[in-house]
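Structure first, commentary second.
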Amino acid sequence: MTDKLVIGNWKMHGRHAFNARLVEQLLSSEQVNRSGVALAVPAPYLVSVGELLQGSRLSLAAQDVSRFADDGAYTGEISAGMLADVGCAYVLVGHSERRQYLNEGGEQLRQKLLNAIAAGLTPVYCVGETLAEREAGRHLEVIRDQLSVLEGIDSDAMVVAYEPVWAIGTGRVASLEQIEEIHREIKAECLRRLTGSATILVLYGGSVKAENAMAILSVDNVDGALVGGASLVSESFSVICQAAKKLI
Ligand code: PGA
């Protein structure tokens with residue numbers, strides 16, 4: 001059985017002192033300091049947090065990657081090769097905040113996925129519907145459309161994170177039935193679209209907390225969690241990691 005994967009998404013939070021304290025607390029927890037746990041930290045701190053994680057079992061993740069494949073004259077961009085070079089194992093691609101605020105989507109995200117895979121990173125492709133789309137009964141259609149960029153991609157490992165936009169940072173969580181339905185659909189769609197025999201993990205994200213982690217992680221086809229707010233508090237993140245470990 002594959003480990004449940006827990007990724008903490010720090011988003012645009014952190015400073016040297018805060019990061020050092022949080023990582024120290026996380027490393028002292030045996031629930032957290034194990035394989036199958038990763039921290040997605042802001043780009044300026046990848047190197048310093050990577051150094052703090054040296055010798056631990058946690059993995060490093062980036063929150064975004066350039067759509068440009070090769071290094072070159074692309075001011076402000078960070079290539080997949082650079083992320084691999086500083087020790088990242090994972091990279092988030094197409095987080096709903098980037099889709100919303102930076103208009104990311106479609107072909108651009110496909111290119112990012114391809115670049116990540118070519119550099120040896122495991123992409124964590126984020127999908128999710130808005131509240132209006134859910135209320136209009138269009139959620140499955142929206143998710144299928146977002147997954148269409150995976151067509152023909154050949155990768156040993158693919159992680160998809162289902163994060164309903166209306167559940168991110170809002171305290172609202174999708175019901176266990178809603179999560180089950182979408183995760184089943186995502187797995188089937190990935191199997192249809194990806195070539196090769198990729199290991200596919202589908203994470204749930206959106207207001208995952210210490211209190212609801214066990215219930216969510218117990219749902220069929222939930223292979224882990226992408227955790228925002230609660231990943232910045234060591235006690236909460238530790239309880240979530242513990243729930244994931246119990247279920248391995
Ligand atoms: P949240 O964020 O846990 O704070 O809702 C999840 C995410 O956006 O990855």
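Both counts, for ligands and for their atoms, begin at 1 and track the order of listing. Quick caveat, the model's predicted, so the values are computed rather than measured. All residue numbers in this chain count up from 1 along the given sequence.
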If you count every heavy atom of other residues, nucleotides or ligands that lies below 6.0 Å from Gln100 atom CD, does the total exceed 12? yes

Is there a heavy atom in Ser207 that sits closer than 4.0 Å to ligand 1? yes

Taking N or O atoms only and a 3.5 Å limit, does Ile168 qualify as a polar contact for ligand 1? no

What I want to know is whether Gly228 and ligand 1 share at least one N or O pair that is separated by under 3.5 angstrom. yes

With heavy-atom distances below 4.0 Å as the criterion, list the atoms of ligand 1 near Gly206. 5 (O)

Atoms of ligand 1 less than 4.0 Å from Ala167 heavy atoms? 5 (O)

Enumerate the atoms of ligand 1 whose separation from the nearest heavy atom of Gly169 is less than 4.0 angstrom. 1 (P), 4 (O), 5 (O)

Mind checking whether Ala230 has a heavy atom under 4.0 Å from ligand 1? no

Please determine if Thr170 has a nitrogen or oxygen closer than 3.5 Å to a nitrogen or oxygen of ligand 1. no

Could you tell me if any non-hydrogen atom of Lys209 lies under 4.0 Å from any atom of ligand 1? no

Give the residue, atom name and distance (to 0.1 Å) of the protein heavy atom nearest atom 2 (O) of ligand 1. Lys11 NZ, 3.2 Å

Protein contact of atom 4 (O) of ligand 1 - nearest heavy atom, named by residue and atom, plus distance: Gly229 N, 2.9 Å

Would Cys126 count as a contact of ligand 1 if the rule is a heavy atom under 4.0 Å away? no

Evaluate the ring planes of His183 and Tyr204, with Trp represented by its six-membered ring, and classify them as parallel (under 30°), tilted (30 to 60°) or perpendicular (over 60°). tilted

